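First the proteins, then the strands, lettered A, B, ... as listed; each starts at 1. These numbers were taken from a predicted model, which means no experiment stands behind them.
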Amino acid sequence: MPELPEVETVRRGLEPALKGARLTRVVANRADLRFAFPEGFVQRLTGASVIELKRRAKYLLAPLDRGDTLVMHLGMTGRFDIEGADKQERPGVFHYAAPANPKHAHVVFETDRGCRITFYDPRRFGFMDLIATEAVEAHPWFAKMGPEPLGPEFGAGRLIQMFKGRKQGPKTLLLDQRTVAGLGNIYVCEALHRAHISPLKPSGGVKKAKLKALAVAVKEVLAEAVEAGGSSISDYAGAGGELGYFQHSFRVYDREGEACPTKGCKGTIERIVQAGRSTFFCRVCQT
DNA sequence: CCCACGACCTGTGGGC
DNA sequence: TGCCCACAGGTCGTGG
């Protein structure tokens with residue numbers, strides 16, 4: 001599922017169940033996800049209390065009262081299901097169209113508030129680690145990470161700085177978490193379309209006016225998606241229509257062959273492959 | 001520095 | 001129905 005809006009949606013869904021809760025029981029059903037769990041993973045978590053649940057880019061961070069921070073990444077197919085008391089506080093987030101396959105239930109957390117949270121991840125591109133809280137910022141995952149796109153440190157200036165003189169295409173630069181942290185394939189396609197920037201041209205040649213539009217487009221598309229509860233592509237459907245429906249608002253992603261939605265544009269959405277990943281765009285209005 | 005590409009892993013959907 | 005291939009939201013590493 002997860003780019004920034006989806007991870008933020010998950011964070012908001014889990015927060016009522018985890019914030020301030022003590023982990024009374026933790027089970028790891030295997031020794032690794034993408035990476036091996038750290039030494040003593042289960043023991044270090046069991047009995048600890050979660051101070052808060054934060055997000056940085058696509059990572060979830062749960063600082064614990066013991067000085068460690070539980071760092072979690074959903075990879076491509078990571079998903080949390082929640083059962084028990086705290087589920088009621090945020091209906092919708094965990095109402096999936098299809099039940100999770102129990103064979104992919106890799107980690108289970110139970111809390112002192114009578115809640116069970118299960119992490120499922122069929123492809124196991126997700127991962128979890130425990131990092132000393134004061135060392136999180138310096139950790140390689142975070143040290144070179146760019147600004148949060150929805151925060152004040154990100155704006156046209158950042159894009160102008162990062163795009164200057166670069167031959168790489170804008171998609172590559174936006175997917176690079178050092179430029180700005182939290183975008184993935186979908187929202188990059190959407191932002192470039194909104195800003196009318198061609199994914200085929202070198203980044204260094206994009207005019208400043210367009211980079212200003214791009215910064216606005218990035219913020220807008222992410223904010224709208226967060227507001228919609230993220231996007232649900234294949235395995236997940238929001239309940240009650242209030243969560244996880246942003247996929248209906250995609251202008252180009254997965255819309256190959258459809259008419260370009262730009263006002264007055266007669267183009268058709270194309271799909272091409274760049275760096276092994278699909279790019280959806282309109283070659284008429286993205287120049 | 002810049003690409004293109006493959007690797008990691010499993011599931012799903014389309015075409016035949 | 002079954003089979004095979006292409007493809008999937010992310011990240012990391014290699015080699016030219």
Side-chain angles (χ1 to χ4, degrees), chain A residues 1-11 29-36 55-60 71-80 96-106 119-129 139-146 149 162-191 199-205 221-222 225-226 228-238 244-247 249-250 252-257 271-280:
Chain A
M1 261 201 280
E3 295 180 41
L4 185 151
E6 291 73 42
V7 178
E8 176 61 20
T9 299
V10 169
R11 191 197 70 76
N29 288 317
R30 48 181 301 132
D32 60 71
L33 291 170
R34 173 161 187 180
F35 311 116
R55 178 190 58 73
R56 173 75 170 105
K58 303 171 193 173
Y59 291 78
L60 290 170
V71 178
M72 299 177 280
H73 196 292
L74 302 175
M76 293 274 262
T77 51
R79 143 180 178 179
F80 286 98
Y96 290 85
N101 185 336
K103 86 179 192 188
H104 300 304
H106 305 312
F119 179 72
Y120 298 86
D121 187 3
R123 290 176 76 178
R124 302 201 303 276
F125 288 171
F127 47 91
M128 294 189 189
D129 202 354
H139 189 280
W141 289 335
F142 304 103
K144 294 185 176 172
M145 192 176 267
M162 300 301 285
F163 277 45
K164 187 177 182 186
R166 302 294 295 275
K167 289 182 187 165
Q168 283 184 93
K171 215 185 136 187
T172 311
L173 287 187
L174 291 174
L175 284 172
D176 187 333
Q177 304 293 295
R178 293 172 297 189
T179 306
V180 57
L183 293 172
N185 200 39
I186 292 178
Y187 295 103
V188 166
C189 291
E190 293 294 313
L200 302 172
K201 297 185 179 171
S203 299
V221 71
L222 292 178
V226 168
S231 303
S232 309
I233 292 191
S234 58
D235 56 331
Y236 157 130
Y245 60 84
F246 191 74
Q247 66 278 12
S249 300
F250 291 164
V252 292
Y253 188 83
D254 206 20
R255 297 201 181 281
E256 183 180 17
R271 174 185 172 274
I272 61 172
V273 174
Q274 293 183 297
R277 320 204 52 190
S278 291
T279 296
F280 295 90

*Asks:* A:Glu3 has an atom CD; how far is it from atom P of C:dA8, in whole Å?
*Replies:* 13 Å
*Asks:* Starting at CZ of A:Arg124 and ending at P of C:dC12, how long is that distance when rounded to a whole Å?
*Replies:* 18 Å
*Asks:* May I ask you to verify whether the side chain of A:Arg34 and the base of C:dT11 hold a donor-acceptor pair under 3.5 Å?
*Replies:* yes
*Asks:* Measuring centre to centre across the rings, with the benzene-like ring taken for any Trp, is A:Tyr120 within less than 6.0 Å of A:His104?
*Replies:* no
*Asks:* Can you label the angle between the A:Tyr253 ring and the A:Phe280 ring as parallel, tilted or perpendicular, going by 30° and 60°?
*Replies:* perpendicular
*Asks:* Has the side chain of A:Arg123 got a donor or acceptor atom sitting under 3.5 Å from an opposite partner on the base of C:dA8?
*Replies:* yes
*Asks:* How would you label the contact of A:Ser278 with the nucleic acid (heavy atoms, under 4.0 Å): base, sugar-phosphate, or nothing?
*Replies:* sugar-phosphate
*Asks:* Is the phosphate of C:dG9 approached by A:Tyr253 (side-chain N or O, under 4.0 Å from OP1 or OP2)?
*Replies:* yes
*Asks:* Does the side chain of A:Tyr187 come within less than 4.5 Å of A:Glu6's, by heavy atoms?
*Replies:* yes
*Asks:* Establish, with yes or no, whether the OP1 or OP2 oxygen of B:dG11 is under 4.0 angstrom from a side-chain nitrogen or oxygen of A:Lys103.
*Replies:* yes
*Asks:* Side-chain contact, heavy-atom cut-off 4.5 Å: A:Val10 with A:Arg79?
*Replies:* no
*Asks:* A:Lys58 side chain N/O closer than 4.0 Å to the phosphate oxygens (OP1, OP2) of C:dG10?
*Replies:* yes
*Asks:* My understanding is that a pair needs two contacts under 3.5 Å, Watson-Crick or G-U wobble. By that rule, which nucleotide pairs with C:dG9?
*Replies:* none
*Asks:* If you compare all heavy atoms of A:Gln168 against all heavy atoms of A:Ser203, which two are closest, and at what distance to 0.1 Å?
*Replies:* O-OG, 2.5 Å
*Asks:* So, OP1 or OP2 of B:dC1: does either fall under 4.0 Å of a side-chain N or O from A:Gln168?
*Replies:* no
*Asks:* If you check every side-chain atom of A:Lys167, which of C:dC7, B:dC3, C:dG9 has the closest atom?
*Replies:* B:dC3
*Asks:* Paired with B:dC1 by Watson-Crick or G-U wobble geometry, both distances under 3.5 Å: which nucleotide is it?
*Replies:* none
*Asks:* Output yes when at least one side-chain N/O atom of A:Arg79 is less than 4.0 Å from OP1 or OP2 of C:dG9, else no.
*Replies:* no
*Asks:* Does the side chain of A:Arg123 pick up a donor-acceptor pair with the side chain of A:Thr77 at under 3.5 Å?
*Replies:* no
*Asks:* Rounded off to whole Å, could you give me the NE2-to-C1' distance for the A:His73 and B:dC8 pair?
*Replies:* 14 Å
*Asks:* Report yes or no: is the ring centroid of A:Phe125 under 5.5 Å from the six-membered base ring centroid of B:dC8, with the two planes under 30 degrees?
*Replies:* yes
*Asks:* Using the C1' atom as the reference point in each nucleotide, state the distance between C:dC3 and B:dC8 in Å, no decimals.
*Replies:* 25 Å
*Asks:* Hey, which of these two, A:Val273 or A:Arg277, hits DNA chain C nearer its 5' end, going by closest nucleotide?
*Replies:* A:Val273
*Asks:* Between C:dA6 and B:dC5, how far apart are the P atoms? Round to whole Å, please.
*Replies:* 15 Å
*Asks:* What nucleic acid atoms does A:Arg166 come within less than 4.0 Å of, heavy atoms only: base, sugar-phosphate, or nothing?
*Replies:* sugar-phosphate
*Asks:* Hey, what's the ring geometry for A:Phe250 with A:Phe246, parallel, tilted or perpendicular (30° and 60° as the breaks)?
*Replies:* perpendicular
*Asks:* If the cut-off is 4.0 Å, is A:Trp141 near the phosphate of C:dT11, judged by side-chain N/O to OP1 or OP2?
*Replies:* no
*Asks:* Given B:dG11, is OP1 or OP2 found less than 4.0 Å from the side-chain N or O atoms of A:His104?
*Replies:* yes
*Asks:* Expressed in angstrom and rounded to an integer, what is the separation of A:Phe80 atom CZ from C:dG9 atom C1'?
*Replies:* 16 Å
*Asks:* Provide, to the nearest angstrom, the distance between the CG atom belonging to A:Asp121 and the P atom belonging to C:dT11.
*Replies:* 13 Å
*Asks:* Figure out the OH/C1' separation between A:Tyr59 and C:dG9, and round it to whole Å.
*Replies:* 15 Å
*Asks:* Does a side-chain N or O of A:Thr77 approach OP1 or OP2 of C:dG9 to a distance below 4.0 Å, or not?
*Replies:* no
*Asks:* Between C:dC5 and B:dG6, how far apart are the P atoms? Round to whole Å, please.
*Replies:* 16 Å
*Asks:* Rounded to the Å, how far apart are A:Leu222 CG and C:dG9 C1'?
*Replies:* 13 Å
*Asks:* Give one of base, sugar-phosphate or nothing for A:Gly184, where a contact means two heavy atoms less than 4.0 Å apart.
*Replies:* sugar-phosphate
*Asks:* Can you tell me the distance, in whole Å, between the CG atom of A:Asp176 and the C1' atom of C:dG10?
*Replies:* 13 Å
